[in-house]
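One-based numbering along the sequence shown. Both counts, for ligands and for their atoms, begin at 1 and track the order of listing.
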Amino acid sequence: MLKNYVIGFPRVGEKRELKFAQESFWSGKSDFKELNKVASELKRRHWSYQVNSGIDIISSNDFSLYDNMLDMSILLNAIPLRFQHLSDEELYFAMARGNRESTAMEMTKWFNTNYHYISPELSLEDTYKLNAKKIIDEYKEAKELGLQTKINIIGPITFLGLSKRADGGDSFELYSKIIPVYKDLLNELSTLDGEIILQIDEPIFVQDLTPKILSLIKPTYDTLASISKNIKISIISYFEHSKEATKILVNTPIWAIGLDFVYGKENLESLNIINKSNKVLIAGVVDGRNIWKNDIQSTLELLNYISKTLNKKNILISSSCSLLHTPYSLKYEEKMDKEIKNWLSYGVEKLDEISLISKIFFTGIHSLTQEEENIFKQNKETCKNKKYSALIHNKDIQTRIKNITKLSRTGSYEERIKIQKKNLHYPNLATTTIGSFPQTPEVRKARKEFKNLEITYNQYEHEMRNYIDDCIKFQEDCGIDVLVHGEPERNDMVEYFAEQLSGFGFSQNGWVQSYGSRCVKPPFIYGDISRPKPMTLDWITYAQSKTNRIMKGMLTGPVTILNWSFVREDIHKAEVSKQIAIAISDEVNDLQNAGIKMIQVDEAAFKEGYPLRASKIKEYETWSIENFKLAVSSAYTETQIHTHMCYSDFNDIISTIEDMDADVISIETARSGNKLLKIFAKIGYKQEVGPGVYDIHSPRIPSVEEIVAQIKLLLDVLPKDQLWINPDCGLKTRKWSEVKFSLKNMVDAVKIIRNEL
Ligand code: GLN
Ligand code: ZN
């Protein structure tokens, strides 16, 4: 009897083998054969992990040399014109990364995760046709190892829903051209074996769907599920509930429906109709995107609840989504506190959880071996003890939160800005930057050596101060009005703060794929958060002491720190973010008391935390705004608070941004043109704005004329005393040679405009 199922497994490898193989291939140090060899080893290893853990249904085609969505574009022959002449070997990575002649395809965040997929680019002229080589090869590769795999693909509705059309039209106009290729694919797969399980991911079903998209579900799956008796289709969604789609899917001839019961509790409302239709339920009960141990006892309770409606033989136990979003294995975490490590579960450990849960659920506790019984017992104890662990609870911070009275700044924006303008006398069209300056090899080296205790604090401080001195000198020479210290001491804008706050933990090897070869190692929040001592004060006050101009203090905000960490689940996220907010507000206070007049609190990841369902947005906005305001509540009227957000689609959240009540916001607009700015004028936006005047994501140096033209466009929309002039994000990833000229041109452009005014 089949008991369990895993939606997908990560692929970069527990030592990031794929990353290193990709990078070696890209730099010409190894050939394609070499890369494929590493890929095969990884696939084999990952399959064996799953099999050894006792997982019944494992995947092929969850592997990818870059991205599964890109693989789908190739499978359907959805190749943008500019790449069509390339050979098979060049094509794939050229689409992902661009080449000398052509820019890469766009990369976008996969729903509300930090994984980025390559957005398909479609055109009405496209001719789609099946290219099933990769998918069939991978299936056969497993088969040769004696493994029967299900085959994973991304469904047509999600594929089209996440596609962009070059001419801006509706991708669904290509539905009738795409579906025949899916049909061809199923026909082809049906010849592979007597019985094939085909997993079709349709995560778009967890969003609010338009009637038009909803109307496509039934015809699509009536068609696809009738192609061959050999193919059993499971439709999988994750990250939220997908009630509306489930209602339709139960009336199609598919075999199974996979639902996320971790992030989509509302899916419980679908049990009845699933039961009536006699479909198999793939129950996503082990969190596929967090790092905490499963509370097996409560998962069993959830499953027992499900089995009140559904016959057990129609249930499979699964991860809530692909394990792609978790790190590999705890076996490399040698330095971690034992108690904390015992709370965690990475990908491989999650496989064991799924296996154990399904064994208990289907065959009862008496069927467990002695070892399994011990693991279950320990799991119960760990979950119980964790609740009371001294590592988690900090009475002081809890009391402080209970007694907060000042929730936001004193006075209105209108009052504050008058006083600030008078005190700070910065000019109209004041120039500034977003915080970081290029991270040179020397800076990285000094940070690393200090971390490894190879140099003393004094040596390290000396290096950093040198860099800050250079940064300040450059900005003064260049003629920038409001300076920054350049952030040389920060490897990452979240990690830097996390490392100095208590309540945060760090892994040695908790890598998760972010895109292509890029992996991130997010910190995790396990306990109450507090700030043992100031975090940025020394650097910023040092920097301020070296210049007569205004030095902007630089902090990361409570929503961004939260959104870029793995977060504890025993209290609401809003509460965790509030604890961070308090720590930040103390830092704001220390900075202003030390003479810092402007402080920027970055909320780069504010938009990322948005819920997938419109009905849940209000709640998120409410607590995230509250926490941002709390973080800056300590600022005096005279202290000017800046914030920065780096994304371009702010049209729908412009009022939310205004409600954050920062005095100045810098925001990315350079890449998206002036269109978006009109919204500021339309809603009568009152706070000061620095809409980035050039794109820092490209090595290109913008000319003076270009920036002049851009500023003129800004002045069409907003008055000069409301505008700041800055690049659209931090300069960390750029080279000094680029930054020097770009900023010089920016300042020159402002001079020209000021003269004209
Ligand atoms: N202050 C940060 C920097 O300049 C902001 C980074 C970001 O917005 N992603 O690097
Ligand atoms: Zn940014």
Rounded distance [0.5 Å steps], CG in L743 versus CZ in R734: 12.0 Å
How many angstroms lie between atom OH of Y496 and atom CD of E489, to the nearest 0.5 angstrom? 4.5 Å
Close approach of K732 to ligand 1, heavy atoms, under 4.0 angstrom: no
Polar proximity ligand 1 side, I434 side, N/O cut 3.5 Å exclusive: yes
Please state which protein non-hydrogen atom is closest to atom 1 (N) of ligand 1 and give its distance, to 0.1 Å? D602 OD2, 2.6 Å
Please calculate the SG(C729)-the Zn ion (ligand 2)-NE2(H644) angle and round it to 10 degrees. 120°
In this structure, which one of N114, T326, T113, N112 forms a side chain to side chain donor-acceptor pair (under 3.5 Å) with R289? N112
Atoms of ligand 1 under 4.0 Å from any heavy atom of H644, numbered from 1 in the order shown, are 8 (O)
Atoms of ligand 1 close to C729 [distance to a heavy atom under 4.0 angstrom, numbered from 1]: 7 (C), 8 (O), 9 (N)
Students should be able to answer this: which protein heavy-atom is nearest to atom 3 (C) of ligand 1, and at what distance? S436 OG, 3.3 Å
Give me the nearest non-hydrogen protein atom to atom 6 (C) of ligand 1 as residue plus atom name, then the distance to 0.1 Å. M493 SD, 3.5 Å
Numbered atoms and elements of ligand 1 in range of G730, under 4.0 angstrom, heavy atoms: 3 (C), 4 (O), 10 (O)
For M554, the atoms of ligand 1 under 4.0 Å from one of its heavy atoms are 1 (N)
Side chain to side chain contact (heavy atoms under 4.5 Å, CB included), that's the test. Do I580 and F497 meet it? Break it down for me. CA-CA 10 Å; I580 308 172; F497 291 92; over 6 Å; no
Ligand 1 and E487, any nitrogen or oxygen pair closer than 3.5 angstrom? yes
Sub-4.0 Å atoms of ligand 1 with respect to non-hydrogen atoms of G435: 4 (O)
For a salt bridge (charged side-chain N to carboxylate O under 4.0 Å, His left out) with D481, tell me which candidate from K552, R549, R754 qualifies. R754
Do the ring planes of Y467 and W736 sit parallel (below 30°), tilted (30 to 60°) or perpendicular (above 60°)? tilted
Checking ring-ring contact (aromatic ring centres under 6.0 Å, His included) for the pair F111/H325: CA distance, chi angles, key distance, verdict? CA-CA 12 Å; F111 298 87; H325 310 285; 9.9 Å; no
C646 heavy atoms within 4.0 Å reach ligand 1 at atoms 7 (C), 8 (O), 9 (N)
Matching residue for D663 among K421, R409, Q687 - test: side chain to side chain donor-acceptor pair (under 3.5 Å): R409
With a 4.0 Å cut-off on N to O distance, would you call K678 and D716 a salt bridge? no
